[in-house]
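Just below is one structure, and these are the notes that go with it.
Labels below follow one simple rule: chain letters A, B, ... track the order of the sequence lines, proteins then strands, and each chain is numbered from 1.
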Number of protein chains: 2
Amino acid sequence: MTKGEETRQMIIKSAAPIFNKKGIAATAMSDIMDATKLSKGSLYVHFENKDELVMTVVDYNMQLLGSKVFETLRKARSAREKLIAYIDVLSTPVNPIVEGGCPMLNFGMEADDTNEVVTKKVNEAVVFSQQIISDIIKKGIDEGEFSNEWNYKDFALVMFAMIEGGQLICRVARNNRKMQVIKANLLEQISRWEL
Amino acid sequence: MTKGEETRQMIIKSAAPIFNKKGIAATAMSDIMDATKLSKGSLYVHFENKDELVMTVVDYNMQLLGSKVFETLRKARSAREKLIAYIDVLSTPVNPIVEGGCPMLNFGMEADDTNEVVTKKVNEAVVFSQQIISDIIKKGIDEGEFSNEWNYKDFALVMFAMIEGGQLICRVARNNRKMQVIKANLLEQISRWEL
DNA sequence: TTCGTTTATGACCGATTGGTCATTTTTAAT
DNA sequence: ATTAAAAATGACCAATCGGTCATAAACGAA
């Protein structure tokens, strides 16, 4: 990796939590200068403008979340265990696995009325997240762990919505506890289709 | 109502959808000048600074949502009908009843890492929303419509989370359809406790 | 109608924004 | 060690930010 590429990656890693916490509009290039200890001119060597940095950072945050989720899922064996692992890894919105909280929620809500490109990126991540859940259940059905009468695609949507809604509730409450109520409800729905 | 109070209300009504769409940080006082056709000095006659306007507008948007929900609930008779009405009135996130979408989601996600006062306001609204759902079910139980074994407080939390998660999904998808999947799941859970 | 008070105006302020660029320093292939 | 390219610097720019204030217009009670 060249020096330039290393610097670019360092900028992205430093900027990612700032944009995810403060938001796109509220984050100034000067914030990134402070975080990276780089001069303004240097930032613009690696990124054409703020928008290019924003797009890169939005992608980075969502991919970071994805990789953390996959890493957790890998450790679980059965489909049921994987579903529980998926819920658990997102069960501490106040101490989130990605600094600043779920980037789909953060960037999605900021961008939905103002930034079509970011909105599209978030939508793709939202669809992909449901696909992950959906695939876990599908495999569980194929391997005889769940009933094949389960409308698992609809459930994946519901499960994702419940978890994201739980993020809002817990983050403004400054408390992770209510996420356990959501987990319990999901577990009950899951158990109804277990064979 | 004095001339001043009329102007103040006009400013709030004009500013509310702008802040709810663009976000607090991205909205400039010049945006409010354009929307109200008022001079900058005039805005500062009615509001000490941007922050006071922001606090007023955040409250206004959430109260507006509340009043629209109550208005809808009033028309429904049974507890079941009220629950359905509650879901239905929030089932079109792309064409929301409050311009810009759910203010709890919008302001909550922007403020949770940067603005403690707004976060507290949103949390109170989130708790209140669950209380409304909870009260509907409690009344239904007392009047023999639902089983008294239903853990309705936990369900109120789950229902609220599902609806808010649905807002995210639908708004970034630019499509209300998936809200019907969430509604169906909620209806099924509700029906399991009907007598 | 008078007249003090309230409301509205817009020029102005310092600070900060995103972005540029001539210059210097560092890198890395030869 | 040489040297051309890449990377880093920071002064500088116009535009916009939130906010102020002297002044004027409009209001409303007497």
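In this structure, the separation between NZ on B:Lys40 and CE on B:Met33 is 6.0 Å, given to the nearest 0.5 Å. Distance check: A:Arg8 CZ to A:Leu53 CG gives 8.5 Å after rounding to the nearest 0.5 Å.
Which of D:dG18, D:dG10, C:dT7 sits closest to the side chain of B:Met29 comes down to D:dG18.
In this structure, the CD atom of B:Gln9 is 16 Å from the C1' atom of C:dT7, given to the nearest Å. Nucleotide D:dG10 holds its P atom 13 Å from the CG atom of A:Asp34, rounded to whole Å. Between the CZ atom of B:Phe47 and the C1' atom of C:dT7 there is a distance of 14 Å, rounded to whole Å. Atom OH in B:Tyr44 sits about 13 Å away from atom C1' in C:dC13, given to the nearest Å. Note: CD (B:Glu6) to C1' (D:dA26) measures 14 Å, nearest angstrom. Atom CE in A:Met1 sits roughly 16 Å away from atom C1' in C:dA28 (whole-Å rounding). When rounded to the nearest whole Å, the span between CE of A:Met33 and C1' of C:dG18 equals 11 Å. Taking atom NZ of A:Lys40 as the reference point, atom C1' of C:dT23 lies 18 Å away to the nearest angstrom.
Environment of NZ in B:Lys153: sparse, with no more than 12 heavy atoms of neighbouring residues, nucleotides or ligands closer than 6.0 Å.
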Audit row: A:Val57, A:Ile18, side chain to side chain contact (heavy atoms under 4.5 Å, CB included) steps and yes/no: CA-CA 10 Å; A:Val57 160; A:Ile18 301 176; over 6 Å; no
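Listed pair B:Ser30 / D:dC17 meets the phosphate criterion, a side-chain N or O lying under 4.0 Å from OP1 or OP2. Remark: B:His46 is not in phosphate contact with C:dT6, judged by side-chain N or O atoms under 4.0 Å from OP1 or OP2.
As judged by a 4.0 angstrom heavy-atom cut-off over every strand, B:Gly41 is placed among the base-contacting residues. Using a 4.0 Å heavy-atom cutoff across all strands shown, B:Thr36 reaches no nucleic acid atom at all.
Between the side chain of B:Lys50 and the base of D:dG19, no donor-acceptor pair under 3.5 Å is found. Residue side chain B:Lys3 does not reach the base of D:dG28 through any donor-acceptor N/O pair under 3.5 Å, judged by distance alone.
Between B:Thr2 and A:Lys37, the residue whose closest nucleotide on DNA chain D is further toward the 5' end is A:Lys37.
Using a 30° and 60° split on the angle between ring planes, A:Trp193 and A:Trp150 fall in the parallel class, below 30°.
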